[in-house]
Undergrad: 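Take this structure, written in structure tokens, and hold onto it; I'll ask about it next.
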Amino acid sequence: MQMTRQEKLNYIADHYMKAMWAKAYSVISDAHEAEDACQEAFIKIIKIIDEIEDVTELRSRALCCMIAKNTAIDMARKNGRAAPTEDVYMELDAPVPERDGPESIAASNEGIKQLAALIEMLPESYREVLRLRCVYEMSAERTAEILGINANTVNIRLSRARKLLKDRMDADGS
């Protein structure tokens, strides 16, 4: 059975986020920063989701965890902390530390699902620009060329899409 992009993202959020969080936590040892790393990692996964054929495979889980780990390492370096060496990383199935229970992990997963749902609710013209500029990291000029509009229109639509997302997130209390 072929999954849609949204189904793939939901599957990853439902089944891999705990392991991704554990991997990120093993690098930075801070629950909140581990959640931030997972959110950043999920954004990176969104960018490559079309390249992941079967998200239910073990290698897909390993890929998601690797992205979370590398994102956490990058965050640690940006914050001026040395990232731990490979031998101190937890295994993929390591238990999540007790101070953050299933409720906080579920809340994190729910936030990702809410963001994905909010993006899907955007007008198609905004979604297209958001996808090309943020997910595929195309320039405004390349995006304009693909959509048959000018670069200024691309930048305006991107700005409006971001504002609309922010407003909807604020209204939802996200």
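Everything numeric in this text was worked out from a predicted model, so none of it was measured.
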Undergrad: Taking all non-hydrogen atoms of both residues into account, name the closest pair between Ile12 and Phe42 and its distance.
TA: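 Where Ile12 meets Phe42 most closely, the heavy atoms are CG2-CE1, 3.9 Å.
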Undergrad: Can you find a pair of side-chain heavy atoms, one from Leu130 and one from Leu165, that are under 4.5 Å apart?
TA: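 With C-beta onward as the side chain, the pair touches.
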Undergrad: Nearest 0.5 Å, what's the CD-OG1 distance between Glu40 and Thr71?
TA: 7.0 Å
Undergrad: Tell me the closest heavy-atom pair linking Met20 and Ala68, and the distance in Å.
TA: O-CB, 3.6 Å
Undergrad: For Arg160 and Tyr126, work out which heavy atoms get closest and say how close.
TA: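 Closest heavy-atom pair between Arg160 and Tyr126: CD-OH, 3.2 Å.
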Undergrad: Ignoring hydrogens and angles, write down the donor-acceptor pairs under 3.5 Å from the side chains of residues 118-125, residues two or more places apart or on other chains.
TA:
unit_1, atom_1, unit_2, atom_2, d
Glu124, OE1, Arg127, NE, 3.4
Glu124, OE1, Arg127, NH2, 2.1

Undergrad: To the closest 0.5 Å, what do you measure between OH (Tyr16) and CG (Leu63)?
TA: 10.0 Å
Undergrad: Enumerate, atom names and distances included, each donor-acceptor pair closer than 3.5 Å involving a side-chain atom of residues 147-155, sequence neighbours excluded.
TA:
unit_1, atom_1, unit_2, atom_2, d
Asn150, OD1, Asn152, N, 3.0
Asn150, OD1, Thr153, N, 2.8
Asn150, OD1, Thr153, OG1, 3.0
Asn155, ND2, Ala151, O, 3.4

Undergrad: Output the distance between atom NZ (Lys166) and atom CE (Met169), rounded to the nearest 0.5 Å.
TA: 9.0 Å
Undergrad: Is a side-chain donor or acceptor of Lys8 paired with a backbone partner of Ile52 at a separation under 3.5 angstrom?
TA: yes
Undergrad: In Å and rounded to the nearest 0.5 Å, what is the CD to CZ distance from Glu128 to Arg157?
TA: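 These two atoms lie 7.5 Å from each other.
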Undergrad: Evaluate side-chain contact (heavy atoms from CB on, under 4.5 Å) for Gln6 paired with Asn10, printing each intermediate quantity in order.
TA: CA-CA 6 Å; Gln6 188 64 46; Asn10 288 342; 3.2 Å; yes
Undergrad: Mind checking the SG-CE spacing from Cys64 to Met17? Nearest 0.5 Å is all I need.
TA: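 Spacing of SG (Cys64) from CE (Met17) equals 8.0 Å.
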Undergrad: Which atom pair, heavy atoms only, marks the closest approach of Trp21 to Ala31?
TA: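 Minimum heavy-atom contact is NE1-O, 3.4 Å.
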Undergrad: Are any of the side-chain nitrogens in Lys78 or Asp74 under 4.0 Å away from the carboxylate oxygens of its partner?
TA: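 Salt bridge flag = no for Asp74 with Lys78.
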Undergrad: Can you find a pair of side-chain heavy atoms, one from Ile43 and one from Gln39, that are under 4.5 Å apart?
TA: no
Undergrad: Would you say that Ile73 contacts Arg77 through its side chain, given a criterion of any heavy-atom pair below 4.5 Å between the two side chains?
TA: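 Side chain of Ile73 against side chain of Arg77, heavy atoms only: contact under 4.5 Å found.
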Undergrad: I need the minimum non-hydrogen distance between Met3 and Glu7, along with the two atoms involved.
TA: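 That closest heavy-atom pairing would be CA-OE1, 3.3 Å.
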Undergrad: With side-chain contact (heavy atoms from CB on, under 4.5 Å) as the test, would you mind laying out the steps for Lys44 and Ile48 before giving the verdict?
TA: CA-CA 7 Å; Lys44 292 175 182 179; Ile48 63 164; over 6 Å; no
Undergrad: Checking Asp54 now: which residues fulfil side chain to side chain donor-acceptor pair (under 3.5 Å) with it, not counting sequence neighbours?
TA: Thr56
Undergrad: Any chance you could measure Glu51, atom CD, to Ile45, atom CD1, to the nearest 0.5 Å?
TA: 12.5 Å
Undergrad: Taking a hydrophobic cluster as the set of Ile, Leu, Val, Met, Phe, Trp and Tyr residues connected by side-chain heavy atoms closer than 4.5 Å, whether directly or through intermediates, do Leu158 and Ile156 fall within one such cluster?
TA: no
Undergrad: Heavy atoms only: give me the nearest Ala34-Ile28 pair and the separation to one decimal.
TA: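 Taking every non-hydrogen atom into account, N-CD1, 3.5 Å.
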